[in-house]
Amino acid sequence: MQDIPSASASASASSQSQSQSSSGVVRPPDPLESASLWSRCTFSWIYPLLKLGSGSRSGSGSGSFDNPNPLQEEDLYTLNEAESSAYNRRRIEALWEAEVTSGRRNFARALFWDYIRTTWSAQVYMAINMTARIGQAVALGMLMEQFRIDENDSGNGDHNDNGDATAAAAATTTKGYLYAGIMVLCGLIAFPSKQQQFFHTYRKGLQIRAGVVAAIYAKTLRLPSTAPSTAPSISISSSTTNNSDSNNNTTQVTSGHVINLASNDVERFSMTSVTLTFLLQGPFVAMAILILGMREEIMGPVFAVGYGLLLLLLPLQVYLSRKFVWFRSQIAGMTDARVGIISQAINGARVMKLNVSKETDDVLSYCSRYTQVLI
């Protein structure tokens with residue numbers, strides 16, 4: 001099995017090479033690597049760049065803004081090694097080599113388990129966020145319960161001793177403030193944890209996208225073209241198959257399909273990476289909500305009735321999801337064909353332009369030679 005490259009192991013070796021861009025401009029180091037815990041939680045490490053980009057703006061009556069100090073290339077931070085396309089390409093290729101060695105050859109499975117291993121911090125933030133949101137909902141229910149108890153005590157005030165009624169009212173007020181404080185505390189925990197979860201998962205999605213695009217580009221450079229120039233396509237065959245099976249494992253992939261993969265399909269990694277944590281922890285959160293909702297002090301068994309109606313929508317959602325996937329596959333095939341036709345049209349236009357240019361050159365050459373003969 002090929003070892004998966006680590007960003008921390010090669011960060012020191014590549015920091016000096018990446019601090020200087022291709023144009024020779026020296027960039028400042030990435031502040032995220034040395035950011036404190038507070039800076040990471042509040043995203044204040046990016047504020048200097050945002051402030052520099054905003055500059056001193058002067059507005060006009062039409063609502064337009066003029067920035068006298070736009071960002072320059074030397075203002076941008078050095079690209080982190082984990083964000084570079086070269087590093088992510090090596091990581092994607094290492095995952096695929098390990099999958100081929102194991103005999104499974106399932107690229108989705110390799111990406112899924114790599115996602116689970118590398119986004120454990122996002123999973124923790126997601127669990128904290130869900131716990132805080134559930135706690136906030138429970139605290140809100142208990143707070144509303146205190147108002148109901150207070151109204152009942154007020155209606156039965158003639159039958160109770162004044163001292164006992166005063167003590168009960170004070171206890172109810174104290175519990176009300178306690179539950180209100182719990183709501184505020186859970187809100188303060190839920191908001192930053194959600195932003196951190198989105199940041200880590202979206203960053204992982206962009207890394208997968210960059211690695212896959214770079215791997216596709218590197219693969220196309222190594223593959224020969226087997227079709228005429230008017231209909232470009234590439235021949236893909238497995239290098240691990242026997243000679244007798246090589247013909248059966250060879251497929252023709254048009255350039256439109258490759259362009260569609262690199263420009264459209266890889267965008268799904270960014271969206272899937274963000275929502276995958278909800279899919280992983282969703283069943284556990286649903287069970288926790290069901291157990292808490294069926295408690296007598298919250299809603300009781302009647303909560304299960306409403307929850308059951310919600311579960312009845314799951315088959316409909318599964319059906320609609322499958323239909324969406326089917327329509328998406330049909331659209332992808334049409335897109336591949338459209339891109340292939342456009343590519344052929346461009347190649348044909350180039351040939352026509354070359355022929356027209358050749359005829360024009362022949363006319364000019366003939367006129368020049370005829371002039372020379374007359375002289």
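Throughout, numbering of the chain's residues begins at 1 and tracks the sequence.
The two residues Ala82 and Asn88 make their nearest non-hydrogen contact at O-ND2, 3.0 Å. Taking each heavy atom of Ser84 and Leu79 in turn, the nearest pair found is CA-CD2, 3.8 Å. Counting all heavy atoms, side chain and backbone alike, Asp30 lies closest to Thr78 at CB-O, 3.6 Å. Here the shortest heavy-atom pairing between Tyr77 and Pro29 reads CD2-O, 3.7 Å.
Clustering of Ile, Leu, Val, Met, Phe, Trp and Tyr side chains at separations under 4.5 Å places Phe327 together with Trp326. Other residues sharing a hydrophobic cluster with Ile116 under the 4.5 Å side-chain heavy-atom criterion for ILVMFWY residues are Phe112, Trp113, Tyr115, Leu276, Leu279, Leu280. Side-chain contacts under 4.5 Å among hydrophobic residues (ILVMFWY), followed directly or transitively, place Ile128 together with Trp120, Val124, Leu185, Ile189. Hydrophobic clustering, defined by side-chain heavy atoms of Ile, Leu, Val, Met, Phe, Trp and Tyr closer than 4.5 Å, groups Tyr319 together with Leu316, Leu320.
The side-chain hydrogen bond (donor to acceptor under 3.5 Å, both in side chains) test applied to Arg109 returns Glu99, not counting sequence neighbours. Residues passing the side-chain contact (heavy atoms from CB on, under 4.5 Å) test with Arg322 are Val318, sequence neighbours excluded. Looking at residues two or more places apart in sequence or on another chain, you find a side-chain hydrogen bond (donor to acceptor under 3.5 Å, both in side chains) between Ser102 and Arg104. With sequence neighbours excluded, no residue forms a salt bridge (charged side-chain N to carboxylate O under 4.0 Å, His left out) with Arg268.
Thr272 places no side-chain N or O within donor-acceptor distance of the main-chain N or O of Phe269, the cut-off being under 3.5 Å.
Pairs of residues two or more places apart, or lying in two chains, never qualify as salt bridge (Lys or Arg N to Asp or Glu O under 4.0 Å) while including a residue from residues 183-202. The list of side-chain hydrogen bond (donor to acceptor under 3.5 Å, both in side chains) pairs with a residue in residues 41-50, not counting sequence neighbours, reads Ser39-Ser44, Thr42-Ser44.
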What side-chain donor-acceptor pairs closer than 3.5 Å can you find for residues 281-291, not counting sequence neighbours?
unit_1	atom_1	unit_2	atom_2	d
Gln281	OE1	Ala127	N	3.4
Gln281	NE2	Gln123	O	2.9
Gln281	NE2	Gln123	OE1	3.1

Tabulate below the donor-acceptor pairs under 3.5 Å that side-chain atoms of residues 197-209 make, not counting sequence neighbours, or state none.
unit_1	atom_1	unit_2	atom_2	d
Gln197	NE2	Thr277	OG1	2.7
His200	ND1	Gln196	O	2.7
Thr201	OG1	Gln197	O	2.7
Thr201	OG1	Phe198	O	3.2
Arg203	NE	Glu83	OE2	2.4
Arg203	NH2	Glu83	OE2	2.6
Lys204	NZ	Asp114	OD2	3.0
Lys204	NZ	Thr118	OG1	3.2
Gln207	NE2	Glu83	OE1	3.4
Gln207	NE2	Glu83	OE2	3.2
Arg209	NH1	Glu267	OE1	2.8
Arg209	NH2	Glu267	OE1	3.4

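Within a 6.0 Å radius of CZ in Phe191, no more than 12 heavy atoms belonging to other residues, nucleotides or ligands are found. Phe278 CZ: more than 12 foreign heavy atoms inside a 6.0 Å radius.
Between Glu81 and Arg90 a salt bridge is recorded (basic side-chain N to carboxylate O distance below 4.0 Å).
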